[in-house]
Amino acid sequence: MKNIKNIVLLTVVFLFTLSCANEYEAPYDDYSSFGWYTSQSFKDSDYVLSEGKFITFLDASQNAISHEWVIPESGKFLSGKFTSLMTDFSKFIVAGNEKSSSDNAVNVLFTEPGDYEVLLKNVFKYEVEGAVKEGENWVVKKIFTVKVFPNISPACKVYKYDYSVDPINPPLVEVLSLTEAQLPVVEGMATWKTVTIEAGEELVFVDLSTTGNPNTRTWFTVGGKPEQSSNETSNIKYNKPGDYTASMEIKRNGDGVPEATVSKLIPLKIKVIPSTKDFVQDGKVTISNKVISFSVTGEVESVDNIAANFVVHVTNDVSPVAFDENVAVAGVAISVVDPSIITVTLKEELYNTDIVTLSYNAGSIVSVDDRVLKSFGPVAVMLGSGNNALESSFAGFEKVSGNYKAAFVAGWFVGNKNGTAGDPTYQRTTSRAYEGTASMQYTVPVGGVESLKLQGTNFSKPDGIPAGTYIVSFRVYLEAGNTIKQFNTILDGPSFQLDNWDVSSLPTGEWVLMTKEITTDAIISGTKFRIAMEPDINPGAVVGQSIFWDDLKWIKLNYRN
């Protein structure tokens, strides 16, 4: 935005000068001025560039007696017909390796990473802004600082699990190391190393790229799961027999750095053979909208919709009417998103107070490498907790407010006692979050904890909250060495016990789930929910220490009638 403002200002000044030219009489008819422009526009801070790239500098001064550009020893002047899209500028380097030029415009190639200066020196007959008198003339100098970043280049290591050492907890062993200096090409594939794994096993890809400050990467692993990943360390599972390859792309982007993208082949032939292990259910079993999902140790070829082979058993002894029955299965299928996941659709909805198990009697579910799924169960099915009665942006402190009295978040309010705009006690922060981009931070002020409440003004808007039994929960984050002992919550409505959230023994440095079960009458729209810090329950809390809250939920428990 600053660059745009400078350009607009220069344009306005230039137009103003033209409009006033007939009225202003300069000394001895001299209209001297000192100005410049570059291919990176106007900047008051450092220019940034990648190694092997150039910047164009233009002297836009008026009526200088002389001017001179001086470049660093590793810099090169360029001349001829070239573009910024080129990668090799060697034939455009000006002969003689001169380090100064009197041209109005110069193209300067920076061949080595580092911090450099380019000098523009102009001499005028009459004084201009910023000039110093030298003899009979006025001299003005401008130094352009240029930070040249090294070129980025992908580097990585690839590991596999060695099940021959320990079938239960196999160690990782290195199978490939790719350095930044290596430049593999597909024509050299015949010389690449081959790694052999069984279907259902994983390779671990670790990004080791450092030169030039890359800050993101993407793994491309055709045949793997997932086929694309951006994690610094990515575990890629290969479920289907076949021969595969992989590649990686790294990027440098963001403020204050020159953008760059580089891709590189990973010189490894990945051979996936049929598995010798049993084909079994693996991991958690979940349910959403009457659909139970579970993963297996490989891709599924067919399921034959064998509903009769599955048993879904439901018990509920907290509802008014006890329930202990099997629930009918409507169908079985392979997930359209992930072929290593099987879905079991039920004929009826479940309740979030139900306890559910899933069992399977071996039938004709077959993997792509011809293994038959083993019987399993009963295994617990993890039910979703249910819908949050609170609006998501309110519960996650996501909507920004410009008012420090509102802790910089919409739907909440503290008031005049919330410190100052630059040092609030409660404030929305993006420094850490459990979900979304923000959380709420309370910082112990000078003098220690004082009685201060964060009011949730939008808590029950727009339609209120129905009567019922709810699980109320927070995600709470405490810093190392925590001395904050407790916070309270208060509802300006139906009366029930909701205070005394004891955090004194919680683990630090991680988000922790805290829950309470409450039963309430209907809560009308506009009722305030408050988070309160009190001095009498927080003696000795260290000034400057913080507690963070996120993901506030009110989940209504649904009972069978």
Minimal non-hydrogen separation, Val262 against Pro154, with atom names = CG1-CD, 3.6 Å
Rounded to the nearest 0.5 Å, what separation is found between the NZ atom of Lys556 and the CG atom of Asn387?
-> 12.0 Å
Hey, do the aromatic rings of Phe294 and Phe376 have their centres closer than 6.0 Å?
-> yes
Donor-acceptor side-chain pairing of Glu227 and Thr221 below 3.5 angstrom = no
Around Lys225, counting heavy atoms of other residues, nucleotides and ligands shown, do more than 12 lie under 6.0 Å from its NZ?
-> yes
Do Gln441 and Ser431 have side-chain atoms, one donor and one acceptor, less than 3.5 Å apart?
-> no
Can Thr218 and Ser230 be counted as having a side-chain donor-acceptor contact under 3.5 angstrom?
-> no
Salt bridge between Lys237 and Glu202, side-chain N to carboxylate O under 4.0 Å?
-> no
Compute both the distance and the angle, then confirm whether Lys277 meets the cation-pi test with Tyr163: under 6.0 Å from the six-membered ring centre, within 45 degrees of the axis.
-> yes
Short side-chain donor-acceptor distance under 3.5 Å, Ser439 and Trp549 | no
Main-chain N/O of Thr519 paired to Glu517 side chain as donor or acceptor, under 3.5 Å | no
Is the count of non-hydrogen atoms from other residues, nucleotides or ligands lying under 6.0 Å from Asn215 atom CG greater than 12?
-> yes
Any sub-3.5 Å donor-acceptor pair from Asp550's side-chain atoms to Glu435's backbone N or O?
-> yes
Please determine, by modelled atom types, if Ser401 and Asn403 share a side-chain donor-acceptor pair under 3.5 angstrom.
-> no
Should Arg560 and Asp354 count as an ion pair when the cut-off is N to O under 4.0 Å?
-> yes
Would you call Asn231 and Phe205 a side-chain contact if the rule is heavy atoms closer than 4.5 Å?
-> no
Within 6.0 Å of CD1 in Ile524, more than 12 heavy atoms from elsewhere | no
In Å and rounded to the nearest 0.5 Å, what is the CG to CZ distance from Leu552 to Arg475?
-> 12.0 Å
Can we call the ring centroids of Trp554 and Phe459 under 6.0 Å apart?
-> yes
So, Glu249 and Thr261: side-chain donor and acceptor under 3.5 Å apart, yes or no?
-> no
Within the distance-only criterion (no hydrogens, no angle test), does the side chain of Asn561 pair as donor or acceptor with the backbone N or O of Val321 below 3.5 angstrom?
-> no
Pair Glu534, Ser451: side-chain N/O donor-acceptor within cut-off below 3.5 Å = yes
For this output row, return yes or no: ring centroids of Phe413 and Tyr426 closer than 6.0 angstrom.
-> no
Can you tell me how far CD1 of Ile236 sits from CD of Glu201, rounded to the nearest 0.5 angstrom?
-> 15.0 Å
Will you find, in the side chains of Asn458 and Glu391, an N or O donor that is under 3.5 Å from an N or O acceptor?
-> no
Decide whether Glu198 and Thr276 meet the rule of one side-chain donor and one side-chain acceptor closer than 3.5 Å.
-> yes
Donor-acceptor pair between Thr345 and Lys290 side chains, under 3.5 angstrom = no
Between atom CD1 of Ile471 and atom OG of Ser473, what is the distance when rounded to the nearest 0.5 Å?
-> 8.5 Å
Worked check of side-chain contact (heavy atoms from CB on, under 4.5 Å) between Val222 and Thr245 = CA-CA 7 Å; Val222 176; Thr245 59; 5.9 Å; no
Phe474 side chain reached by Asp551 side chain, heavy atoms, under 4.5 Å = no
Ionic contact status for Asp278 with Arg371, cut-off 4.0 Å | no
Whether Arg217 side chain and Lys251 backbone form a donor-acceptor pair below 3.5 Å | no
Quick one: does Thr233's side chain have a donor or acceptor within less than 3.5 Å of a partner on Val206's backbone?
-> no
Scan side-chain atoms only and decide if Thr353 and Asn316 contain a donor-acceptor pair under the 3.5 Å cut-off.
-> yes
Residue pair Ala541 / Thr483: nearest heavy atoms and the distance that separates them | CA-OG1, 3.5 Å
Carefully, step by step, assess Lys240 and Asp369 under the rule salt bridge (Lys or Arg N to Asp or Glu O under 4.0 Å).
-> CA-CA 7 Å; Lys240 192 171 185 177; Asp369 55 340; over 6 Å; no
Picking from Ser247, Cys156, Ser153, Ser209, what satisfies side-chain contact (heavy atoms from CB on, under 4.5 Å) with Lys264?
-> Ser153
With distance as the sole test, does Glu325 use its side chain to make a donor-acceptor pair with the main-chain N or O of Thr315 at under 3.5 Å?
-> no
Does atom NZ of Lys528 have more than 12 heavy-atom neighbours from other groups under 6.0 Å away?
-> no
Does the side chain of Leu491 reach to within under 4.5 Å of the side chain of Ile523, using non-hydrogen atoms?
-> yes
Side-chain ion pair, Lys269 and Asp243, N-O less than 4.0 Å | no
Test item: side-chain donor near acceptor, Ser234 and Ser229, under 3.5 Å | yes
Looking at CH2 of Trp219 and CG of Leu203, how far apart are the two atoms once the value is rounded to the nearest 0.5 Å?
-> 11.5 Å
Could you pull out the closest heavy-atom pair between Pro462 and Ser525, with the gap in Å?
-> O-OG, 3.2 Å
Does Asn326 reach the side chain of Val312, with side-chain heavy atoms less than 4.5 Å apart?
-> no
If you measure only the distance, is there a donor-acceptor pair under 3.5 Å linking the side chains of Asn235 and Tyr161?
-> yes
Reported CG-to-CD1 distance for the pair Asn289 and Ile292, which is rounded to 0.5 angstrom | 12.5 Å
